[in-house]
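As a basis for the values below, the full set of heavy atoms in this structure was taken, side chains included, without hydrogen atoms, waters or symmetry mates.
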Amino acid sequence: MTTTSNNGIPLWSSFRKRTLELWNECTTQEISGSLGDLGTFIPLTIALARDRLIYFAPALFFSGLSNLLTGYAWDVPMCVQPMKSIAAVALNGELTLEEVTTAGILTGGLIFVIGMTGLIEVVNLIIPHMVVSGMQIGLGLKLAGKGMKDIQKLSWVDSPDCILLAVACSLLALYWLRESSSLSPSSPSKTNDDVDIDDSAEHKSHSLMDRILCRASQNSSEKKTPVGVYLFLVGVIFAIVELATTRNENGQYDLPLRFFGAPIAVLALEDVGVNDWKAGFLDGALPQIPLTTLNSVISVCALAHSLYPEKRIHTSTNNSIRDSDAVVTRKEVAISVGVMNILCCPFGGIPNCHGAGGLAGQHCFGARGGMSVAFLGVCKMMLAVFFGASALTLLDAVPISVLSVMIIIAGQELATTGFTLLVKSGNASTLRSDTVVALVTAAVILALQKTHYGAIAGWVTFMVYGNGIEQFWAWMQRRRNTKTNEAVDDKGMTMCSVDAHKQTDDAHDTSSDLISTC
């Protein structure tokens, strides 16, 4: 019996058709586009692997599998990248290997529920953008501070892995970043149609957050430099020299290098206890959820809708997950993030999500469809299978100075994103109060080293110092007016129905009288 999908189309035929489409799209431009997000993926993944906070081979394999499935599902270069908040918290020593796993599963489960129930807008309402900005600023500064502390422990010139090498890499990174920003052309302004991506007709009035996040598309044509990739190549060169010249007397490296041998799946929940679930939720999932809903769901849908207007699809059936002309809907992306982590993290996968920054980066490098991420996924899976056993040895030999600079760059990118969101999201009259809320959030995170404490402090500051109470009452008033209008509409329809029935009865009586007369 041929396996078929709900609409009767054979699944195998659909798979073959999509495979042929991806093959036909395999161009040097798409392959170049696949490198656009490695500047974020490489530093965080390598740092987590070096600190033994993830299972490297399974993490690489399942990340590639997620890339491959994403490329098949959507005809846009939807990136798959580590969850930055969880990674930042883990790299600062607040999460263990088991707690990273539970944080990924819990985040995925909650995002899945949010996507299935349509609670994205509720989360947006509860967690204001200035608190999210403060969390990004605090986590970014923590991550950058971690890299600086690691560099401080090194000597100046006693060995190849020294402070001088870190200074040289920092100068190179600043030059590459300056070069990419200086090549940025001006972007045309977006029309209202470009931001009309909400998942239902009742949400056609654009929220402030949607309009702000859609501005990310204005930077989509910037020529970005993959600083993380360049620094990684520098580190690999030093690592190869180190492994080729070391005597390995104390057995610090697992030599000789070999192919195969590393498992691509492990039972990551085998040693997980109750405390791991608790810490994974409080320190990992809780601060990650607002960042995921903002950057991995809302922002990425807005950006895809703006970058690829020719791929907008309109289907308005009650049984379909897609009920607007959005290229990808919020519900689809939220479910994708949820399924990806619920299924992969228990077997060694790293907590992953989608992201607007990765989508913009891949678009800048030439990606226009799903082929770029599918190609990247196959490459990751092959690396995990063939070189997984020796990859960790190679990463152990990467100089700490180079890796620390990569971590600093990742931290500043996260903090800069928070500052950018803060400035663009408000207006002149509320910028000061928004800044106070964001700084309180960031300060508590840095001082107490607890991200969820910072989120709570920021939210309380927003409600007391900001205009949180006024916004809440305004929202209640809008809800009350909406219900009143719906009641009036229902009453009007009922009256029209009664009038129609009455007219029908009168016509029937008239017809009966005429028949009787005849």
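- Note that the OG atom of S63 and the CG atom of L383 stand 11.0 Å from one another [nearest 0.5 Å].
- At least one donor-acceptor pair under 3.5 Å links the side chain of S433 to the backbone N or O of T430.
- Distance alone, capped at 3.5 Å, places no donor-acceptor pair between the T70 side chain and the M78 backbone.
- A donor atom on one side chain and an acceptor atom on the other are found under 3.5 Å apart for S401 and D161.
- Here the SG-CD distance, from C301 to E332, works out to 8.0 Å after rounding to the nearest 0.5 Å.
- Under the 4.5 Å side-chain criterion, counting only non-hydrogen atoms from C-beta, T96 is not in contact with V100.
- A donor-acceptor pair under 3.5 Å is absent between the side-chain atoms of Q362 and the main chain of L359, judged by distance alone.
- Across all non-hydrogen atoms, the minimal contact from L95 to G284 is CD1-CA, 4.2 Å.
- E99 places no side-chain N or O within 3.5 Å of a backbone atom of A279 that could act as its donor or acceptor partner.
- Proximity of L97 to Y55: side-chain heavy atoms (C-beta onward) are separated by under 4.5 Å at one or more points.
- Formation of a donor-acceptor pair under 3.5 Å by the T107 side chain with backbone atoms of A103 is found in this model.
- Closest non-hydrogen pair, A367 versus S372, comes out as CB-OG, 3.3 Å.
- Judged purely by atom type and a 3.5 angstrom limit, H354 has no side-chain atom pairing as donor or acceptor with the backbone of S296.
- In this structure, the side chains of V80 and M340 come closer than 4.5 Å at one or more pairs of heavy atoms.
- Summarising the geometry, atom CG belonging to L119 is positioned 13.0 Å from atom CZ belonging to R330; distances are rounded to the nearest 0.5 Å.
- For the pair K380 and F41, the distance from NZ or CZ to the six-membered ring centre is under 6.0 Å and the angle to the ring normal is within 45 degrees.
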(request) Output, in order, the C-alpha distance, side-chain angles, deciding distance and verdict of side chain to side chain contact (heavy atoms under 4.5 Å, CB included) for T45 and L60. (result) CA-CA 8 Å; T45 303; L60 190 61; 5.6 Å; no
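- Taking the six-membered ring for Trp and thresholds of 30 and 60 degrees, F62 and F347 have ring planes inclined between 30 and 60 degrees apart.
- The environment of OH in Y453 is sparse: at most 12 heavy-atom neighbours from other residues, nucleotides or ligands sit within 6.0 Å.
- Looking at heavy atoms from C-beta onward, V89 lies in side-chain contact with L139 at the 4.5 angstrom threshold.
- At least one donor-acceptor pair closer than 3.5 Å links the side chain of R52 to the backbone N or O of R50.
- Here C353 contributes atom SG and Q81 contributes atom CD; the two are 5.0 Å apart, rounded to the nearest 0.5 Å.
- At a threshold of 4.5 Å between non-hydrogen side-chain atoms, the residues I46 and V398 do not count as touching.
- When all heavy atoms of A47 and L403 are compared, the pair lying nearest together is N-CD1, 4.1 Å.
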(request) May I have the step-by-step check of side chain to side chain contact (heavy atoms under 4.5 Å, CB included) for R368 and V76, ending in yes or no? (result) CA-CA 6 Å; R368 296 296 183 269; V76 294; over 6 Å; no
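- By the 4.5 Å heavy-atom criterion applied to side chains, N341 and M83 are counted as neighbours.
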(message) Would M382 and F387 count as a side chain to side chain contact (heavy atoms under 4.5 Å, CB included) here? Give the steps.
(response) CA-CA 8 Å; M382 292 179 62; F387 300 100; over 6 Å; no
(message) Go through it in stages, so that I can follow the logic: the residues are D283 and K450, the test is side chain to side chain contact (heavy atoms under 4.5 Å, CB included), and I'd like the CA-CA distance, side-chain angles, deciding distance and then a yes or no.
(response) CA-CA 7 Å; D283 297 328; K450 293 293 183 180; 3.5 Å; yes
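- Within the 4.5 Å cutoff, no side-chain heavy atoms of I264 are placed close to those of P58.
- Using a 4.5 Å heavy-atom threshold, the side chains of L44 and M406 count as separate.
- A side-chain donor-acceptor contact under 3.5 Å links Q288 to the backbone of I86.
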